[in-house]
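The model shown is predicted, which means the values in this text are computed figures rather than measured ones.
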Amino acid sequence: MAEVNEEKSLNFIQQIIKDDKKNGKNESRVHTRFPPEPNGYLHIGHAKSICLNFGLAQQFDGKCNLRFDDTNPSKEETEYVDSIMEDIKWLGFEWEGDPHYTSDYFDQLFEWAVKLIKDGKAYVDDQSAELISEQKKSPTEEGIESPYRNRSVEENYDLFLRMKNGEFKDGEKVLRAKIDMNSPNMHMRDPIIYRIMNAEHHRTGNKWCIYPMYDFAHGESDYLEGITHSICTLEFEVHRPLYNWFVENLTDTEYRPRQIEFARLNLSYTVMSKRKLLELVEGNIVSGWDDPRMPTVSGLRRRGYTPDSIRMFADKIGVAKRENVIDVSLLEYCVREDLNNKAPRAMAILDPVKVVIDNYPEDKVEMMNIAYHQKDESMGSREVPFTKELYIERSDYMEDAPKKFFRLSEGREVRFRGAYILKCESVEKDADGNISVIHCTYDEETRSGSGSEASKRKVKGTIHWLSASHSLDAEVRLYDRLFSDPAPDGHKDVDYKEFLNSESLEILSNCKVEPALANVKPLDFFQFVRMGYFNVDKDSTKEKLVFNRTVSLKDSWAKMNK
RNA sequence: UGUCCCAUGGUGUAAUGGUAACACAGCAGAUUUUGAUUCUGUCAUUCUAGGUUCGAGCCCUAGUGGGACAACCA
């Protein structure tokens, strides 16, 4: 991985780390962590955080842990743990040692809670959630202290043990830190640090019926793992004083983890909250977490995005504290950029129409050797059969075409890529007036690569083609943005689902691909010449090939005609 | 009538008191056996008002605008 390039400017987090290292803070160690809650699939916003945390560790010769923040057994599942690990690995990162779990620290966390009680810094509150919430008041008024706030240490300790032993029902009691009910920061108004929850935990089973809250568990888990820079998103900014309060009140070493907040990623034309993505999945609005239209890592993977393209994206969007909305076109630019170099070229006809070459011998089959990549010989080449009856794209023929239409029209010539120059002579139409056959003639002297003068002739257009008798059938799925509005969840009075794009998925079942694609496997990717980048879907079988369009090619012709 | 955070082209990000730059998007052109790629050119930026300074996008003050915070979620 790239070292920190002195030429390149540092983002504000890199700057902080550089300074900390220079000043010898925490013995100049750098240790970050990626701390997902296993209650959903990772999305592109998490990918930004992953690239940040793991990237920082690489750049500063440090380490990065993976830690599942699993303090809420009612929402968390092993399925999510597995998918998260798969996605991180796929993105190309390796965490330090084994994955960690906040649940690994439940015993220590409990001991620390007891310490707070014994130091007179925590108390058991018998009030309901509603009452406690009411007493906290609003940020602009002073809160009211709980009547249980001044219980004795002994009573608190006894009660807390009984909470742990399962003597109370859910919600009957909580443990609160005793801080300041008048703090202008709501998080300091005696925050709850343990609640009773009789739920089975995905890892600890039924061992516990009390679980620590995020603010208490997160910072202390950082502390236990020796994390130096605890990077999170902006909404945790107001939690930082509490993060520091726990560390100050529970530990007696010099070492201090530091929480740093950055602005989360927002992408235009999409939604990013786990809740909304879950809703799309459970409402069957999409086919699953890995629906190729989803901004999830698994969706992007299935769509044909490469790990490199996502890392490139994360690098280009930068890191700052300002709210931002990144244009999806930047994401698309990144895949195109990556795939342009990596994708073998192939020919596929999405909307076929037949071409008959009137002057071509009836049963002749010529094998045209065509490179997989024009600029990268190492990709090799394949043979593509050329015959009298071919398929071309229906949109590559136009009646009464304008001068700037560089494709087939009566009397016009076009290069059939890697084969001959053909001239369109006439067309046949069916009863409905649709074109059924395009009649052409070919010039034998113009065969590609033959070196003849005629073969070097320039014609304005080049189109792709397939032999009608050799081509394979395929299904092609075209995707468009899931939402038609740039900010689907940015409207106060309109639900984001109102902006769902009804044309986000188009299935073409009558497509043709070249015979060289007979043995493709899921995730194999190609550029279908002139059409875009495509990959093989997991639904694909030998009997029924299925391709996803990852992204179209830039199309200045289409743009010109808008 | 609180606390905290943020403010640079259309969108992002840089410039760390010394010529406001890079990318994406847009536009125009060259090349091209992919109307792709590549290449060239081009449009467009410091929220406002004061202050400090020889010099301010950067430091200070005030204002304006945006955001976060009032789950027994993370």
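Atoms CG (Asp315(A)) and P (rA23(B)) sit 14 Å apart, rounded to a whole Å. Atom CD in Gln14(A) sits about 14 Å away from atom P in rU13(B), given to the nearest Å. Residue Phe34(A) contributes atom CZ, which lies 12 Å from atom C1' of rA74(B) at whole-angstrom precision. Residue Lys75(A) contributes atom NZ, which lies 9 Å from atom C1' of rA71(B) at whole-angstrom precision. Whole-Å rounding puts the Gln135(A) CD to rA71(B) P distance at 13 Å. Between Ile13(A) atom CD1 and rU16(B) atom C1' the separation is 17 Å, expressed in whole Å. In this structure, CD of Glu142(A) is placed 14 Å from P of rG2(B), rounded to the nearest angstrom. The nearest whole Å value for the distance from the CG atom in Asn185(A) to the P atom in rG2(B) is 15 Å.
Applying a 4.0 Å cut-off to non-hydrogen atoms, none of the residues of residues 262-269 of chain A approaches RNA chain B.
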task = Go through Arg275(A) and Glu279(A) one step at a time and tell me if the salt bridge (charged side-chain N to carboxylate O under 4.0 Å, His left out) criterion holds.
result = CA-CA 6 Å; Arg275(A) 201 205 92 228; Glu279(A) 200 174 7; 3.7 Å; yes
task = For side chain to side chain donor-acceptor pair (under 3.5 Å), just list the numbers for Asn535(A) and Thr550(A), CA-CA rounded to whole Å, side-chain angles, deciding distance to a tenth of an Å, and then say yes or no.
result = CA-CA 7 Å; Asn535(A) 83 339; Thr550(A) 307; 4.6 Å; no
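rC6(B) and rC73(B) have their C1' atoms separated by 26 Å, with the value rounded to a whole Å. For the C1' atom pair drawn from rU53(B) and rU61(B), the interatomic distance equals 16 Å after rounding to whole Å. For the C1' atoms, the distance linking rG9(B) with rA25(B) amounts to 11 Å, nearest Å. Going from the C1' atom of rC60(B) to that of rC24(B) covers 36 Å, rounded to whole Å. rA7(B) and rA49(B) have their C1' atoms separated by 16 Å, given to the nearest Å. Atom P of rU16(B) sits at a distance of 24 Å from the matching atom of rU11(B), rounded to the whole Å.
Using a 4.0 Å heavy-atom distance criterion, Phe236(A) is classed as a base contact. Counting non-hydrogen atoms under 4.0 angstrom, Gln127(A) reaches a base of the nucleic acid. Within the nucleic acid shown, Val459(A) has no heavy atom closer than 4.0 Å to any nucleic acid atom.
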Under 4.0 Å protein heavy-atom contact, by nucleotide of nucleotides 35-47 of chain B - B base, S sugar-phosphate only = BBB----------
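Between His43(A) and His46(A), the ring-plane angle classifies as tilted under the 30° and 60° cut-offs.
The listed nucleotides are rU33(B), rC72(B), rG12(B); the one nearest the side chain of Ser448(A) is rU33(B). For Thr140(A), the side-chain atoms get nearest to rG2(B) when compared with the rest of rG2(B), rA74(B), rA15(B).
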Dot-bracket notation for RNA chain B, counting Watson-Crick and G-U pairs under 3.5 Å, with | for partners on another strand = .((((((..((((....[..)))).(((((.......)))))....(((((..]....))))))))))).....
